[in-house]
Amino acid sequence: MLDKPAPSASVRTSGPLAGFRIVEFAGIGPGPFACMMLADMGADVVTLDRVGAKKSMKSVAGRGRKVIELDLKDKAAIGQVLDLLASADALVEGFRPGVMERLGLGPDVVLARNPKLVYGRMTGWGQEGPLANAAGHDINYISITGALAAIGTREAPVPPLNLVGDFGGGALYLVVGVLAALLEAQKSGKGQVVDAAMCDGAASLMSFFFDMKTLGRWTEGRDRNFLDGGAHFYGVYECACGHFVSIGSIEPQFYALLRQHAGLTDADFDAQMDPKAWPALKEKLKAVFKSKTREDWCKIMEGTDICFAPVLTMSEATEHPHMVARNVFIERHGVKQPAPAPRFSRTQSTVREPEGADIGAVTAAWKR
């Protein structure tokens with residue numbers, strides 16, 4: 001367990017990271033999302049943004065931080081930032097490689113001022129390599145990992161939103177890396193650089209599928225395997241109302257329940273694990289699910305061990321009884337949004353409001 005520093009008067013002690021101080025350099029995508037998670041878990045996160053940046057109280061990824069406006073091209077401002085970092089536990093930045101160094105805020109300079117600092121770097125391609133300085137987006141980062149080629153229809157890959165690169169392979173690996181480095185720094189008294197690259201993280205997320213390929217249980221391509229839409233028992237089906245439902249009846253006992261509740265008495269369905277039978281069985285299942293509405297299928301299958309769920313829009317998801325019962329979504333300033341995750345039994349995460357701050361006041365508070 002991390003030994004939390006004694007919180008200063010400016011830190012609200014709620015969440016398992018209460019007392020930790022993190023400086024975020026404003027960016028887009030995975031960096032802010034990672035800092036949202038850290039702030040939700042109680043860290044005192046200060047975001048350094050450009051002068052005149054508009055603060056939105058309705059921003060989900062921007063919640064929970066103090067915001068300081070600075071001109072990082074001003075040498076005096078850089079000096080103030082270094083003073084602030086001298087009392088910080090971690091730094092998070094998402095610029096291209098070399099930008100922080102040119103600003104005079106590279107790891108060598110910052111760690112000389114604060115040897116225990118964890119220096120989190122979020123990029124798409126990583127800090128070095130042939131593509132390190134090239135522009136890119138999630139779709140590019142997951143393209144070179146094997147992930148995008150495995151997702152979509154038989155005809156073409158389909159971008160899975162920007163969940164795999166930006167947020168799964170990027171933000172979550174950055175959070176894990178920063179937390180691991182903070183834990184190690186408690187023992188060694190030394191900080192280090194965390195190089196979180198989206199292509200690295202997305203490749204790591206593919207570990208299970210590389211295992212399956214090695215074992216000869218995965219065919220490269222799409223719509224050919226039991227988890228990529230190839231199997232009739234693991235996929236999405238349209239209903240009579242035009243809405244969709246999902247099933248994931250992989251295990252034999254779950255598949256038996258699917259057959260029972262859907263009335264699949266045709267002996268052809270005995271060939272559950274025969275890939276050659278999947279296309280024909282999928283067509284038969286399409287007709288079955290098209291015979292009833294999504295609401296009808298929910299009444300028949302939801303809550304059973306079929307492994308079933310309706311496919312909901314974001315608006316619908318906030319109203320689903322299970323999500324409501326668990327308070328998965330909260331409302332801030334009229335905006336429905338996901339609540340902090342994961343949950344902690346004793347040091348509960350909370351959402352704090354973003355607020356403006358003066359760098360001198362924050363630095364002084366952190367020194368106490």
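Note: hydrogens, waters and symmetry copies are ignored here, and every other heavy atom, side chains too, is used.
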Problem - Steps toward side chain to side chain contact (heavy atoms under 4.5 Å, CB included) verdict (L227, I250) - result: CA-CA 9 Å; L227 291 176; I250 300 174; 3.9 Å; yes
Handout entry: Intermediate values then yes/no, salt bridge (Lys or Arg N to Asp or Glu O under 4.0 Å), E316 and R294
Key = CA-CA 13 Å; E316 290 173 328; R294 185 178 71 179; 2.9 Å; yes
Handout entry: side chain to side chain contact (heavy atoms under 4.5 Å, CB included) between V351 and I330, intermediate numbers included
Key = CA-CA 10 Å; V351 175; I330 58 176; 3.6 Å; yes
Practice task
Applying side chain to side chain contact (heavy atoms under 4.5 Å, CB included), run through S349 and F344 and close with a yes or a no.
Solution key: CA-CA 7 Å; S349 298; F344 300 89; 3.6 Å; yes
Exercise for the section: May I have the step-by-step check of side chain to side chain donor-acceptor pair (under 3.5 Å) for N140 and S143, ending in yes or no? Expected result: CA-CA 5 Å; N140 310 122; S143 291; 5.3 Å; no
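When atom types are taken as modelled, the side chain of S87 and the backbone of L84 share no donor-acceptor pair closer than 3.5 angstrom. Side-chain atoms of R222 come within 3.5 Å of backbone atoms of T153 as a donor-acceptor pair (strictly under, hydrogens ignored). At least one donor-acceptor pair under 3.5 Å links the side chain of D138 to the backbone N or O of G165. Between the R154 side chain and the D223 main chain, a donor and an acceptor come within less than 3.5 Å of each other. Using modelled atom types, one side-chain atom of E69 and one backbone atom of G52 make a donor-acceptor pair closer than 3.5 Å. Without hydrogens or angle criteria, S249 side chain to I306 main chain gives a donor-acceptor distance under 3.5 Å.
The residues D266 and K284 are annotated as salt-bridged, a charged nitrogen and a carboxylate oxygen being separated by less than 4.0 angstrom. Using a cut-off of 4.0 Å between Lys/Arg side-chain N and Asp/Glu carboxylate O, R63 and D40 are scored as salt-bridged. Electrostatic pairing of E24 and R65 counts as a salt bridge here, judged by a charged N lying under 4.0 Å from a carboxylate O. Taking a cutoff of 4.0 Å between a charged side-chain nitrogen and a carboxylate oxygen, E283 and K286 qualify as a salt bridge. At a threshold of 4.0 Å, the pair K66-D44 counts as salt-bridged, since one of the basic side-chain nitrogens sits closer than that to a carboxylate oxygen.
In terms of heavy-atom proximity, Y119 sits nearest to L105 at OH-O, 2.6 Å. The two residues A171 and A34 come nearest to each other via the heavy atoms O-CB, 3.8 Å.
Inter-residue side-chain proximity for K213 and F209 is flagged as unmet; no heavy-atom pair is nearer than 4.5 Å. Counting heavy atoms from C-beta outward, P160 and V164 have side chains that approach closer than 4.5 Å. Two residues are said to be in side-chain contact when any heavy atoms from C-beta on lie closer than 4.5 Å; L258 and F269 fail this criterion. Residues F329 and Q337 fail the side-chain proximity criterion, which asks for heavy atoms closer than 4.5 Å. Q127 places a side-chain heavy atom less than 4.5 Å from the side chain of T123. The shortest side-chain heavy-atom distance between V46 and L48 falls under the 4.5 Å cut-off. Side chains of T293 and W297 form no contact here, defined as non-hydrogen atoms less than 4.5 Å apart. In this structure, D49 and I68 have side chains that are not in contact, with every pair of non-hydrogen atoms separated by 4.5 Å or more.
Placement of I78 and W366 within a single hydrophobic cluster is found when ILVMFWY residues are connected by side-chain heavy-atom separations under 4.5 Å, directly or transitively. In the hydrophobic clustering of this structure, M206 does not group with V158; members are Ile, Leu, Val, Met, Phe, Trp, Tyr whose side-chain heavy atoms approach within less than 4.5 Å, directly or through other members. Two different hydrophobic clusters hold L172 and I151 under the rule that ILVMFWY side chains link at heavy-atom gaps under 4.5 Å. In terms of hydrophobic clustering, with Ile, Leu, Val, Met, Phe, Trp and Tyr side chains grouped at heavy-atom distances under 4.5 Å, L161 and L148 are assigned to different clusters. In terms of hydrophobic clustering, with Ile, Leu, Val, Met, Phe, Trp and Tyr side chains grouped at heavy-atom distances under 4.5 Å, V176 and M198 are assigned to different clusters.
Between the CZ atom of R352 and the CZ atom of R332 there is a distance of 11.5 Å, given to the nearest 0.5 Å. Distance check: I22 CD1 to L91 CG gives 10.0 Å after rounding to the nearest 0.5 Å. In this structure, D83 CG and N114 CG are separated by 11.5 Å, a value rounded to the nearest 0.5 Å. Atoms OG1 and CG, on T318 and L312 in that order, are 9.5 Å from each other to the nearest 0.5 Å. Taking CG of L281 as the start and CG of D274 as the end, the distance is 8.5 Å to the nearest 0.5 Å. In this structure, the separation between CG on L70 and CZ on F25 is 9.0 Å, given to the nearest 0.5 Å.
Paired with S188 under the rule side-chain hydrogen bond (donor to acceptor under 3.5 Å, both in side chains), one option of Q192, Q186, E184 passes, and it is E184.
Ring pair W278/H232 is tilted by interplanar angle, where 30° to 60° counts as tilted.
Other residues, nucleotides and ligands place no more than 12 heavy atoms under 6.0 Å from the CZ atom of R217. Crowding of K282 atom NZ: a count of heavy atoms from other residues, nucleotides or ligands under 6.0 Å exceeding 12. No more than 12 heavy atoms of other residues, nucleotides or ligands lie within 6.0 Å of CD in E295, so this atom counts as exposed by the packing criterion. Within a 6.0 Å sphere centred on CD1 of I28, other residues, nucleotides and ligands contribute 12 heavy atoms or fewer.
Residues E302 and H320 have side chains that bring a donor and an acceptor to within less than 3.5 angstrom of each other. Between the side chains of D211 and W218, no donor N or O sits under 3.5 Å from an acceptor N or O. With no hydrogens or angles considered, no side-chain donor-acceptor pair links R343 and Q348 at under 3.5 Å.
The ring-ring contact (aromatic ring centres under 6.0 Å, His included) pairs that include a residue from residues 125-178 are F33-F167, W125-Y141, where partners are two or more places apart or lie in different chains.
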Using a 3.5 Å cut-off and no angle test, enumerate the donor-acceptor pairs between side-chain atoms of residues 92-103 and protein atoms at least two apart in sequence or in another chain.
residue, atom, partner, partner atom, Å
E93, OE1, F95, N, 2.8
E93, OE2, R121, NE, 2.6
E93, OE2, R121, NH2, 3.1
R96, NH1, N133, O, 2.9
E101, OE1, G98, N, 3.4
E101, OE1, R121, NH2, 3.2
E101, OE2, R121, NH1, 3.0
E101, OE2, R121, NH2, 3.4

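Applying the side chain to side chain donor-acceptor pair (under 3.5 Å) criterion to D228, with sequence neighbours excluded, gives N225.
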